[in-house]
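In each ligand, atom 1 is the first atom listed, and ligand 1 is the first ligand listed. Just so you know, these numbers use all the heavy atoms, side chains as well, and skip hydrogens, waters and symmetry mates. If you're wondering where the values come from, they're calculated on a predicted model, not measured in any experiment.
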Amino acid sequence: MIVPSAYYRPLALGAPEPFREPPVRVERMIHFVPPHVEKIRARAGDLARQVDVVLGNLEDAVPADAKEAARAGFIEMAKATDFGAAGLWIRMNALDSPWALDDVIEIVGAVGDKLDVIMLPKVEGSWDVHYLDRLLAQLEARHGVKRPIMIHAILETAQGVMNVEEIACASPRMHGMSLGPADLAASRRMKTTRVGGGHPGYGVLVDKGAEGAARAFYQQDLWHYTIAKMVDACAANGIKPFYGPFGDFSDGEACEAQFRNAFLMGCVGAWTLHPSQVEIAKRVYSPDVEEVKFAKRIVEAMPDGTGAVMLDGKMQDDATWKQAKVIVDLARQIAEREPEAAERYGL
Ligand code: GLV
Ligand code: MG
């Protein structure tokens with residue numbers, strides 16, 4: 001156990017001080033790009049104006065014989081591109097893979113000052129975060145990186161889910177975590193070949209009615225338990241929870257439903273693997289205009305956040321004031337980034 005007084009100590013002489021509070025950033029979509037593809041690299045600047053985060057994916061979906069090209073391509077793209085307000089992340093290869101060490105050493109060495117977050121796949125427990133934490137501190141010190149690079153864990157193994165609470169507070173470098181439904185399904189031996197979303201076989205049948213009457217079947221959310229567990233671990237530790245990938249690019253409606261469930265449960269964003277998902281994530285993870293307007297009325301009706309008032313027949317008190325603050329604060333962050341959103345929200 002790290003004693004409280006040592007928690008925020010840099011892990012290498014000369015490494016930057018860890019963040020006490022993670023930077024406030026709008027991260028509604030983490031947009032995945034394959035950096036070994038030249039025409040994708042060439043469009044990175046345009047992309048950065050449309051998404052909140054550009055992530056160079058080095059892990060799954062990049063063939064083994066393109067791993068080095070993806071790493072080199074990411075470095076080239078990071079050097080050549082102005083990402084403006086968008087965050088720049090990588091998804092490194094898993095710690096037990098032959099590429100992980102060079103991913104970190106080469107990328108931090110070359111573009112450590114531009115890199116905001118490293119997404120760490122297949123995190124099993126706090127030990128995985130501690131390993132990367134120390135390695136990053138050593139490399140930041142060696143290369144004079146001024147701002148700590150943060151770590152984002154993918155929750156995608158049964159052991160990781162079991163240890164989610166210790167992962168969330170493993171280091172002040174923790175940015176947040178994402179649900180990885182594909183690897184998690186495999187790790188748990190779930191019987192689905194889908195990447196996220198529901199399954200037509202997972203649901204409840206209504207009780208038997210009259211003889212011969214048809215019984216309705218309601219599909220349920222396979223990911224509810226894990227998302228709830230992840231959201232609690234993240235919220236309790238002041239880090240951010242995200243829904244991960246939705247693999248059926250032909251079903252925007254189902255993608256939207258999955259993203260929205262996660263948003264309503266507390267997630268702040270999701271991965272976008274296809275351009276069509278960017279608009280969906282932007283819409284879902286920006287609070288609804290009417291909801292923001294109502295939330296503003298609650299906040300204004302109770303300036304010090306205490307007491308009770310009635311608004312449109314609905315009781316408001318200290319707790320609903322806090323709910324309203326969550327929505328108004330998010331809307332303000334988005335409004336700062338997008339003038340059109342400021343207008344929509346009346347902020
Ligand atoms: C993401 O990496 C997943 O496995 O779903
Ligand atoms: Mg995965």
>> If we count only N and O atoms by modelled type, under 3.5 Å, do the side chains of E27 and H175 hold a donor and an acceptor together?
In response: yes
>> As a test of understanding, state which of R173, K146, R147 forms a salt bridge (charged side-chain N to carboxylate O under 4.0 Å, His left out) with E140.
In response: R173
> Would you call E338 and K282 a salt bridge, taking side-chain N to carboxylate O under 4.0 Å as the test?
Replying inline: yes
> Taking NZ, NE, NH1 and NH2 as the nitrogens, is one of them in R297 or D312 under 4.0 Å from a carboxylate oxygen of the other?
Replying inline: yes
>> Could you walk me through whether W271 and F242 satisfy the ring-ring contact (aromatic ring centres under 6.0 Å, His included) test, starting with their C-alpha distance in whole Å, then the side-chain angles of each, then the deciding distance to 0.1 Å, before giving a yes or no?
In response: CA-CA 8 Å; W271 301 3; F242 292 72; 9.2 Å; no
> Taking the side chain from Y8 and the backbone from F19, do they hold a donor-acceptor pair closer than 3.5 Å?
Replying inline: no
> Can you check ring-ring contact (aromatic ring centres under 6.0 Å, His included) on F246 and H274, steps first, answer last?
Replying inline: CA-CA 9 Å; F246 189 88; H274 187 270; over 10 Å; no
> Counting no waters, how many protein N/O/S atoms sit under 2.8 Å from the Mg ion (ligand 2)?
Replying inline: 2
> Can you tell me if CD on E343 sees more than 12 non-hydrogen neighbours from other groups inside 6.0 Å?
Replying inline: no
> More than 12 heavy atoms of other residues, nucleotides or ligands under 6.0 Å from CZ of R283: is that the case?
Replying inline: yes
> Around ligand 1, what residues show up once you keep those with a heavy atom under 4.0 Å from it?
Replying inline: R91, E156, G180, P181, A182, D183, P245, W271
